[in-house]
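It should be emphasised that the depicted structure is a prediction, and the values quoted were computed from it without experimental measurement.
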Amino acid sequence: MLSLLAVFAAAGVSSWVLTGLVRRRMVARGRLDVPNERSSHVVPTPRGGGLAIAAVVLVGLTGGAALGWLPVNVAVALVGGGILVGTIGWLDDCYSLRALPRLLVHVAAALWTLAWLGGFPRLDVGAGSVALGVAGWVLAALGIVWTVNFYNFMDGIDGIAGGEAVVVGVGGGLLLLGSGTPDLAGISFLIAAASFGFLLWNWSPARVFMGDVGSGVLGYLFSALAVASENRGAVPVLVWVLLLGVFVVDATVTLVRRARDGEAVFNAHRKHAYQRAVQAGWSHARVSAVVVALGVGLGGLGWLAMRLPAFLVGISLGGLGGLVLLHAGVIAWATAPREVPEEQPAAPRRVPDAARAPFRAPSTALSLKRGRRADGAV
């Protein structure tokens, strides 16, 4: 147990050190996120710090497989897919690629993952399971690609993506431990530890941004881990969706709203609920802390869903439904017109009536010496 804790601590420290090195390198090369009208930050900030998360986790997975701690097929699936997603993300951070090549690589990573994990043949619904057959491949591939992208969409303010990774990684790891799969739990804790090391640099005010290399890899790792967990009969995919519920709901509902309004859904914007909260006056730290707190609560719901398998679907859908209502409430609150208090006109200064006021020549002279007028006004 102590040896595993030492491994996770080393992962966190390594991530912290590597993040600092990446930050220094990106500053030297001028790879900065310069604020624009769609940004939520105001200071040019280096990006690509999530490379540290990707490197630490992928090296850790490789070492775990070499030591016999992890099944080889799981390690090959996650390392291979992670390299694909991380590489295209890093290139995008450096050269701003178009959407199509990124999408093709994400699809390739999803298919690689499913090939090594044995597809996605069944979906656990608590009281039983639903056979998916070939449709499972399509469903899982779409899920992996969407998770990679929505995690990227949600990485828009200081600390939010790193904080989410820590709370989901810890929560998922505890649930995996309880389900009797310590090897998969180790992967989840490794993700959390590496994310925490990065978060020390990224919490508000951020000194480095995660970039696509980090957000994409985190989204990929959580979705691939969910598939591996489902196929092992451990934590069901529905529970993983619940654990990631804040990101799932905000990204999905926002995408649907923008598509309904005829907007170009792949263009950058500032219409997510978390962005609206910042625009309404909340700080980055406050919004990210609320997201983390919600993640802890969703972890509790996930535990309850696994304790009551007959109610797995109901608890999962109920939790997600509550988040949809919360999302709508945040949008309504943040976009509501606010009355700007009108500036009150200054009250007219009362000038004493010279005919009725007593003559005070001595006091007037004294007041003038002190720099004050005789009527008492400064």
Do the side chain of Glu230 and the main chain of Pro236 share a donor and acceptor less than 3.5 angstrom apart?
no

Using residues 293-313 as the side-chain source, report each donor-acceptor pair under 3.5 Å to any protein atom, sequence neighbours left out, with the distance given to one decimal.
none

If you count the non-hydrogen atoms of other residues, nucleotides and ligands that lie under 6.0 Å from CZ in Phe150, is the total more than 12?
yes

Donor-acceptor contact present, side-chain Asp155 to main-chain Tyr151, <3.5 Å:
no

Can you confirm whether the side chains of Thr252 and Trp146 place a donor and an acceptor under 3.5 Å from each other?
yes

Can you name the ring pair (Phe, Tyr, Trp, His ring centres under 6.0 Å) partners of Phe222, sequence neighbours left out?
none

With a 3.5 Å distance limit and no angle check, can you tell me whether His284 reaches the backbone of Asp158 through a side-chain donor-acceptor pair?
yes

What is the distance from atom CG of Asp92 to atom CD1 of Ile88, rounded to the nearest 0.5 Å?
7.5 Å

A quick test of your reading: do over 12 heavy atoms of other residues, nucleotides or ligands sit less than 6.0 Å from CZ of Arg98?
no

Side chain His269, main chain Lys271, donor-acceptor under 3.5 Å:
yes

Heavy-atom donor-acceptor pair, Trp112 side chain to Val76 backbone, under 3.5 Å
yes

Lys/Arg N to Asp/Glu carboxylate O, Asp250 vs Arg276, below 4.0 Å
no

Exceeds 12 heavy-atom contacts within 6.0 angstrom, atom CH2 of Trp201
yes

When hydrophobic residues are tied together by side-chain contacts of less than 4.5 Å, even through go-betweens, does Met154 share a cluster with Val241?
yes

Look at the side chain of Arg23 and the backbone N and O of Val208, then say whether any donor-acceptor pair between them is shorter than 3.5 Å.
no

